[in-house]
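A quick write-up on the structure given underneath.
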Number of protein chains: 2
Amino acid sequence: MHFSKTTEYAIRVLAYLHRHDETSHSVNVLHQELDLPYKYLTKLMTELVKKGLVNASRGREGGLSLARDAHEIYLCDILEAIGESMEHERCILGFEKCDASNPCALHDQWVKPKELIETMLTTTSLASLLQNRETKL
Amino acid sequence: MHFSKTTEYAIRVLAYLHRHDETSHSVNVLHQELDLPYKYLTKLMTELVKKGLVNASRGREGGLSLARDAHEIYLCDILEAIGESMEHERCILGFEKCDASNPCALHDQWVKPKELIETMLTTTSLASLLQNRETKL
DNA sequence: ATAATATACTACAAAAGAGTAGTAATTATA
DNA sequence: TATAATTACTACTCTTTTGTAGTATATTAT
Ligand code: SF4
Ligand code: SF4
């Protein structure tokens, strides 16, 4: 009942890029600031670049920055870029079809939490995430 | 953002045992009825027996049945028996300490879904799960 | 040009989760 | 007692996720 490590990393990195968006940041800086495994990060960032969430510029003075306005990057976009997107549509008991007309035993209990999670994912943008600049990343 | 397979299996098996509690059931029956991998199930059931959720009787005519009243087996008990218990207490961004006084960036957005999930886990018993006998297992 | 500093790519390794195989031990019943 | 049906145990395999290593390639300040 949690995000994958990769998802955690992605959210934290993107939030960091937004919080310090006056300039771009190298993978090495992100690695140090957020204490994430360096090599793993390079792969992840390459992926996020491909998916159009991040801009990368190479060479000396290069680095990474957000490709889109932080108001237009929602948590669900991040999950989708990583491939964990429709996880939350899966039936909580593992059935293929998540069908309210043929519900699983946990249906009634799961509907509300599921709704809230979905709301959180679809309405939380990177920008809204950082209203309070005192929070941990 | 989901349960582990093992957790799914455990919930479904225990729910089945409750739904058909007039008798005990062999692993083979559970395997066929719920379409779960046989050998994997034997391991899981042995574990649930050790944890005191299930009674096992060996030999011919043996089988498995709930060890406690279904009204007293909550989802959180099942998670705990499997070792996924406090997963939902973990910080959603992966930090060790989940401390509201030193919150992570997702804190405000995560609090409500988290609460609902916790409520679901602590208040849903096997018995309440099967009010409606028409649901999938 | 050159050196420094970046990202990009390929391949592999380690760890955890999920699943399989074979056998031993137990027990009701014929 | 012999047999069949059952759980219990040990060890292995497969797959996915997570993490590491080394190298190639691009860019820019000097
Ligand atoms: S509880 Fe019902 S609606 Fe919810 S995921 Fe399972 S089958 Fe789908
Ligand atoms: S969001 Fe805040 S309270 Fe929730 S898990 Fe993360 S640190 Fe803990």
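Only a predicted model underlies this, so the values are computations on that prediction, with no experimental measurement involved. The chains referred to below are lettered A, B, ... by the order of the sequence lines, with proteins before strands, and numbering in each begins at 1.
When the P atom of D:dA8 is taken as reference, atom CG of B:L44 falls 12 Å away, rounded to whole Å. Taking atom NZ of B:K43 as the reference point, atom P of D:dA11 lies 13 Å away to the nearest angstrom. Taking atom OH on A:Y40 and atom P on D:dA21, their separation rounds to 16 Å, with Å as the unit. Distance, A:L64 CG to C:dT5 P: 17 Å, rounded to whole Å. Atom CG in A:L48 sits about 11 Å away from atom P in C:dA8, given to the nearest Å. Atom pair A:K50:NZ and C:dC9:C1' shows a separation of 8 Å (rounding to whole Å applied). To the nearest angstrom, C1' of D:dG19 lies 15 Å from CD of A:E8. Residue B:Y38 contributes atom OH, which lies 11 Å from atom C1' of D:dA8 at whole-angstrom precision.
A:K39 comes within 4.0 angstrom of a nucleotide base, judged by non-hydrogen atoms across all strands.
Checking B:H25 against A:S4, the closest nucleotide of DNA chain D that is more toward the 5' end is the one next to B:H25. For A:K5 and A:G59, each mapped to the nucleotide of DNA chain D holding its nearest heavy atom, the one lying further toward the 5' end belongs to A:K5.
Side-chain contact, B:Y9 with B:S4: no donor N or O sits under 3.5 Å from an acceptor N or O.
For a distance-only test at 3.5 Å, the side chain of B:R58 qualifies as a donor-acceptor partner of the base of D:dT7. A donor and an acceptor atom never sit less than 3.5 Å apart when one is taken from the side chain of A:R60 and the other from the base of C:dT5.
Contact between the side-chain N/O atoms of A:T6 and the OP1/OP2 oxygens of D:dT18 is found at a separation under 4.0 Å. For A:Y9, a side-chain nitrogen or oxygen approaches OP1 or OP2 of D:dG19 to under 4.0 Å.
Judged purely by atom type and a 3.5 angstrom limit, B:T119 uses its side chain to pair as donor or acceptor with the backbone of B:E115. Side-chain N or O atoms of B:S128 include none that pairs as donor or acceptor with a backbone N or O of B:T124 at under 3.5 Å.
Between B:L36 and B:L30, every side-chain heavy-atom pair lies at or beyond the 4.5 Å cut-off.
With respect to A:D77 and A:K51, no salt bridge is recorded, no charged nitrogen being found less than 4.0 Å from a carboxylate O.
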